[in-house]
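This one's a predicted model, so the numbers in the text were calculated from it and none came from an experiment.
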Amino acid sequence: MRRGESKVLNRRGKAKAIGRFVCKRVLEIQNQYTRNGGTAQGRARVAMLRRGLGQRSSTWMDIGEDVFSDWPQELGAPGDDIEAVRAVQTALNLYAVHQQSKDYGVAQLPDDQGEWATFGRSCRLICPKLEDANGVKRRLNSVQAATDFDGAVRGMRALVMLMRSAKSKAGDSRIRLNYYSLAQDLYLMQFDEFRDEIFQRWASDYFRKIADEK
């Protein structure tokens, strides 16, 4: 096996470990936030993670327990892999933005027998009729066109906010997202060799016909 191939396989393996870790953490927080009206701890965790990092926002000490506690051994030390830390922190931030003020879980459960709620597919549900979805498509384009990770995340956060506020014909807004899948994408999209693959998959999931579409 050539050196480059080993490196690619290693990154895919890391992406899966990150996905499992984020999925477990998100479902733990979701359970605290939604079950029996939610707990104060669950609300505090979502609030801290939602604010993100930076001036007038949360600090690493505020969110560090959720990001670093029980860090998977197979990922090595967090300090040695900034891309992994960035993927975990960002996935948790996007989950918290999505979950805010909702009394049901917005993260797709691992045993859900329905369609896998990938990022591209969940974006389609914001406005299922393609002719009315120019704003969604424009934001997805901006994510791919971003020149750095932070720029891509800003576009993704805007789309997650649309998922949270979208209204269906029935009047609800239950667009869920698979954070196991999203966390993997957030890690791999930081490497040039995976970016096109991820955005191609999002486009495929976005444009695939939905169940009730004529």
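- For the pair Asp205 and Arg124, the minimum side-chain heavy-atom distance is 4.5 Å or more.
- Counting heavy atoms from C-beta on, the side chains of Phe119 and Leu177 come closer than 4.5 Å.
- Every residue two or more places apart in sequence or in another chain was checked for a side chain to side chain donor-acceptor pair (under 3.5 Å) with Tyr33, and none qualifies.
- A search for salt bridge (Lys or Arg N to Asp or Glu O under 4.0 Å) contacts involving Asp70 returns Arg25, not counting sequence neighbours.
- By the 4.5 Å heavy-atom criterion applied to side chains, Arg51 and Met48 are counted as neighbours.
- Cation-pi geometry between Arg174 and Tyr104 is met: the NZ or CZ atom falls under 6.0 Å from the ring centre, inside 45° of the normal.
- The aromatic rings of Phe191 and Tyr187 stand perpendicular to each other, their planes meeting at an angle above 60°, with 30° marking the opposite boundary.
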List, one per line, each side-chain donor-acceptor pair under 3.5 Å for residues 195-202, sequence neighbours excluded.
unit_1: Arg195; atom_1: NH2; unit_2: Gln144; atom_2: O; d: 3.1
unit_1: Glu197; atom_1: OE1; unit_2: Arg12; atom_2: NH2; d: 2.8
unit_1: Glu197; atom_1: OE2; unit_2: Arg12; atom_2: NH1; d: 3.1
unit_1: Arg201; atom_1: NH1; unit_2: Asp185; atom_2: OD1; d: 3.3
unit_1: Arg201; atom_1: NH1; unit_2: Asp185; atom_2: OD2; d: 3.4
unit_1: Arg201; atom_1: NH2; unit_2: Asp185; atom_2: OD1; d: 2.9
unit_1: Trp202; atom_1: NE1; unit_2: Asp185; atom_2: OD2; d: 3.0

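- Taking 4.5 Å as the limit, some side-chain heavy atom of Phe149 sits within range of a side-chain heavy atom of Leu186.
- For Thr34 against Lys102, the heavy-atom pair with the smallest separation is CG2-O, 4.2 Å.
- The closest donor-acceptor contact from the side chain of Gln99 to the backbone of Val106 lies under 3.5 Å.
- Asn93 and Thr90 are not linked by any side-chain donor-acceptor pair at a separation below 3.5 angstrom, with hydrogens and angles left out of the test.
- Heavy-atom minimum distance, Gly52 versus Gln89: CA-NE2, 4.3 Å.
- Ring geometry, His98 versus Tyr179: the interplanar angle falls from 30° to 60°, so the pair is classed tilted.
- Heavy-atom neighbours of Lys24 NZ from other residues, nucleotides or ligands within 6.0 Å: at or below the threshold of 12.
- The salt bridge (Lys or Arg N to Asp or Glu O under 4.0 Å) contacts involving residues 111-121 comprise Glu115-Arg121, Glu115-Arg208, where partners must be two or more places apart or lie in separate chains.
- Here Leu109 sits in one hydrophobic cluster together with Leu27; the rule is ILVMFWY side chains under 4.5 Å apart, joined directly or through other members.
- Contact annotation: the side chain of Leu125 never approaches that of Met163 to less than 4.5 Å [non-hydrogen atoms, C-beta and beyond].
- Side-chain contact check for Val88 versus Val22: some heavy-atom pair is nearer than 4.5 Å.
- Counting heavy atoms from C-beta outward, Asp66 and Leu49 have side chains that approach closer than 4.5 Å.
- Asp81 has a carboxylate O that lies under 4.0 Å from a charged side-chain N of Lys14, or vice versa, which qualifies the two as a salt bridge.
- The stretch residues 83-94 participates, sequence neighbours left out, in no salt bridge (Lys or Arg N to Asp or Glu O under 4.0 Å) pair at all.
- Of the possible polar contacts, one joining the Gln30 side chain to the Ala107 backbone as a donor-acceptor pair under 3.5 Å is found.
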